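Note sheet for the following structure.
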Amino acid sequence: MAIPINMKSLTCVEYPGRVKNVDKMLETLGGEENVSKAALDSSRRLDLRFRPADPYCRPVYGDRFPTSSLLLRVRRTRRVRKNRTKESEDAAPASSSSVTMETPAPSTSSSSETSPPEEERVTYNTEVLGIVDTTYRFQALADFQYLPLHRTPDGRTVQLYDQLLLEGLEGGGFYQKDVPLFVPPATFSRIDTPQNYHYRRDPAHNYKNPMKTLSSSNLIGVARARRPHSAIFFNFEELQVPTKPSGGAVDHMDKHNLHAELAELKKLFKERPIWSRNALQVRSGIRLLRLKLLLPLCGYYAVTGPWRSLWVKFGYDPRKDPTAKQYQLLDFRVRQGPDNKRLAVKAKRSTFNYTLPTMTHKPQPQVVQMKGVAGSPGAGSSGEGERQDGRTKEDIEKEATYVFRPGILPAYRQMFYQLCDLHDPRLQALVHENDGRETSCAEKDGWCLPNTKAKLRDIISSEVSKLSNIIHRDKKARGVSSGAGPDAREEEEEDEEDDDDDDDMSDSEVDPDQQVAQDSDNEMETEMLEFL
């Protein structure tokens with residue numbers, strides 16, 4: 001007989017304790033509402049407070065794990081029938097010794113009937129109630145608990161709850177009372193998972209001369225010794241460009257067996273002498289961890305100048321080649337002004353989404369969301385898996401991390417484009433406006449005419465604003481046609497405005513060539529520190 005299966009999706013919580021009262025157990029988890037919020041957010045951890053009424057109770061966190069289990073309900077039915085023999089009629093009624101009890105082993109079938117003696121019959125019924133696809137397991141360590149207690153001069157210990165917590169509207173005398181100072185930190189432990197450090201010394205600490213470490217400008221030791229990748233950095237004012245990689249970079253190639261990937265990367269540098277790391281990662285398909293070891297073997301990293309944050313082929317000096325202006329960098333930021341309230345480009349990071357490390361996992365990298373407009377160049381119809389040029393939607397999404405095309409919004413609010421990756425005739429006309437008339441290479445504009453980058457940003461900003469308005473009108477029209485109520489439309493508009501408030505700095509306030517914004521600094525510093 002087939003087992004009935006319910007395809008309902010369920011979430012399991014492996015509670016770290018013996019449950020006697022389900023209501024009290026749910027109270028320690030914050031109630032059904034808190035459990036539902038954690039289940040809906042894949043990056044959130046489930047917190048458990050063993051003293052839910054104590055606001056100073058430090059929770060223990062449960063991590064989310066994907067599972068593929070079934071929740072079974074097994075019902076055991078037992079029927080007992082007395083043996084109507086002459087001896088039993090003469091004996092005492094309902095004697096326990098007159099009934100033979102046999103409990104058969106559970107069968108794997110859905111409904112199995114046993115055939116014991118006449119006195120007993122057992123039936124098992126199995127039913128699948130749902131599929132458990134998510135499980136919360138409390139494997140982390142609980143934080144230190146610091147109770148609001150105070151020891152009096154006579155040796156007694158008193159609690160401070162009545163003096164610290166408000167139970168309603170209190171008079172002025174409540175705030176004038178002399179109360180012992182009790183200001184615990186938000187969390188005591190930085191991490192809640194045990195670490196195997198094998199009693200090794202901190203590499204950043206100087207055990208022979210501790211005062212030397214304290215006198216350093218960096219008083220906070222790093223978690224681990226930085227792994228050098230032996231990259232060569234180059235400033236615009238330097239006279240000679242590097243011609244070969246460092247010895248350490250060659251050692252990494254032999255150690256990690258990077259010869260096959262190195263040959264592929266060198267082919268790309270023959271095709272184009274200057275690349276961004278994002279473009280190389282998309283074009284080569286090499287994993288980022290291996291690409292970090294390969295780039296110092298192919299070129300040097302430009303720190304300043306019109307090719308800053310780009311990788312340049314060894315021996316190639318773009319300051320002496322006017323054709324290198326097509327590889328210059330354009331630092332573009334989506335302008336967030338009063339006229340652009342509904343930009344469809346999401347921020348890569350936001351201070352509003354910051355939470356303590358002990359409460360949520362690290363956020364996953366943002367998936368590039370393509371928002372093409374039907375009928376515009378480079379945009380396909382919604383749900384179209386294959387474009388007319390043979391490229392799939394996944395290929396276009398990857399390409400959008402370093403290429404700008406009309407009709408497709410940028411992947412993020414801040415983009416590092418190379419001028420040759422601006423696939424718009426209007427933009428390319430500005431780039432090649434002075435072809436054959438280049439005289440000198442400037443640190444700000446390179447081989448282009450002055451103020452060229454500002455004009456490029458104006459065109460791209462107008463394109464982004466136009467596409468965002470079209471997308472907003474289409475979304476609003478779909479809401480009206482689907483019969484959504486006014487409350488739903490207002491809620492949708494509020495969500496869009498909240499997303500736009502993530503970055504309120506206008507591009508007109510900061511010139512990217514004069515002052516690099518904090519996001520850009522972080523991008524460059526992050527990439528540079530990875531190779532130090």
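Keep in mind that the numbers below use all heavy atoms, side chains included, and drop hydrogens, waters and symmetry copies. From a predicted model like this one, the values you see are computed outputs, not experimental measurements.
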Flag for [Y]-[X]: side-chain donor and acceptor within less than 3.5 Å:
X: Asn34; Y: Arg44; answer: yes
X: Gln281; Y: Arg287; answer: no
X: Thr401; Y: Tyr412; answer: no
X: Ser43; Y: Asp41; answer: yes

If you measure from the Lys or Arg side-chain nitrogens to the Asp or Glu carboxylate oxygens, is any gap between [X] and [Y] under 4.0 Å?
X: Asp63; Y: Arg45; value: yes
X: Arg457; Y: Asp331; value: no
X: Lys267; Y: Glu271; value: no
X: Glu399; Y: Arg405; value: yes
X: Arg283; Y: Glu264; value: no

Name the orientation class of the two ring planes belonging to Trp311 and Tyr301 (parallel below 30°, tilted from 30 to 60°, perpendicular beyond 60°).
->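 Ring orientation of Trp311 relative to Tyr301: perpendicular.
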
Relative to the ring of Tyr417, is the ring of Phe332 parallel (under 30°), tilted (30 to 60°) or perpendicular (over 60°)?
->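 If you compare the ring of Phe332 with that of Tyr417, the planes turn out tilted.
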
Has Arg277 got its NZ or CZ under 6.0 Å from the middle of the six-membered ring of Trp275, at an angle within 45 degrees of the ring axis?
->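 So Arg277 doesn't make the cation-pi contact.
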
Out of curiosity, [X] [atom1] to [Y] [atom2], how far, rounded to the nearest 0.5 Å?
X: Leu427; Y: Asp421; atom1: CG; atom2: CG; value: 12.0 Å
X: Leu295; Y: Ile232; atom1: CG; atom2: CD1; value: 12.5 Å
X: Leu71; Y: Leu10; atom1: CG; atom2: CG; value: 6.0 Å
X: Lys455; Y: Ile459; atom1: NZ; atom2: CD1; value: 9.0 Å
X: Leu467; Y: Ser465; atom1: CG; atom2: OG; value: 9.0 Å
X: Tyr61; Y: Asp47; atom1: OH; atom2: CG; value: 6.0 Å

Could you tell me whether the side chain of [X] and the main chain of [Y] form a donor-acceptor pair under 3.5 Å?
X: Lys37; Y: Glu32; answer: no
X: Ser189; Y: Asp192; answer: no
X: Gln428; Y: Leu419; answer: yes
X: Asn235; Y: Glu237; answer: no
X: Arg49; Y: Cys57; answer: yes
X: Tyr316; Y: Ile274; answer: no
X: Lys325; Y: Gly446; answer: no
X: Arg319; Y: Phe236; answer: yes
X: Gln145; Y: Arg58; answer: yes
X: Arg64; Y: Arg137; answer: no

Could you walk me through whether Tyr402 and Phe416 pass side chain to side chain contact (heavy atoms under 4.5 Å, CB included), step by step?
-> CA-CA 7 Å; Tyr402 72 97; Phe416 288 163; over 6 Å; no

Check against side chain to side chain donor-acceptor pair (under 3.5 Å), Ser276 and Asn278 = CA-CA 5 Å; Ser276 65; Asn278 286 341; 5.7 Å; no

Could you pull out the closest heavy-atom pair between Phe188 and Phe144, with the gap in Å?
->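 Taking Phe188 first and Phe144 second, the nearest heavy atoms are CD1-O, 3.5 Å.
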
State, with a plain yes or no, whether a side-chain heavy atom of [X] is found less than 4.5 Å away from one of [Y].
X: Arg426; Y: Glu463; answer: yes
X: Lys444; Y: Pro306; answer: no
X: Leu46; Y: Leu29; answer: yes

Mind checking salt bridge (Lys or Arg N to Asp or Glu O under 4.0 Å) for Asp251 and listing every partner two or more places apart, or none if nothing turns up?
->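 If we apply the salt bridge (Lys or Arg N to Asp or Glu O under 4.0 Å) test to Asp251, skipping adjacent residues, there are no hits.
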
Side chain to side chain contact (heavy atoms under 4.5 Å, CB included) between Lys266 and Cys298: does it pass, once the steps are laid out?
-> CA-CA 7 Å; Lys266 286 186 175 180; Cys298 299; 4.2 Å; yes

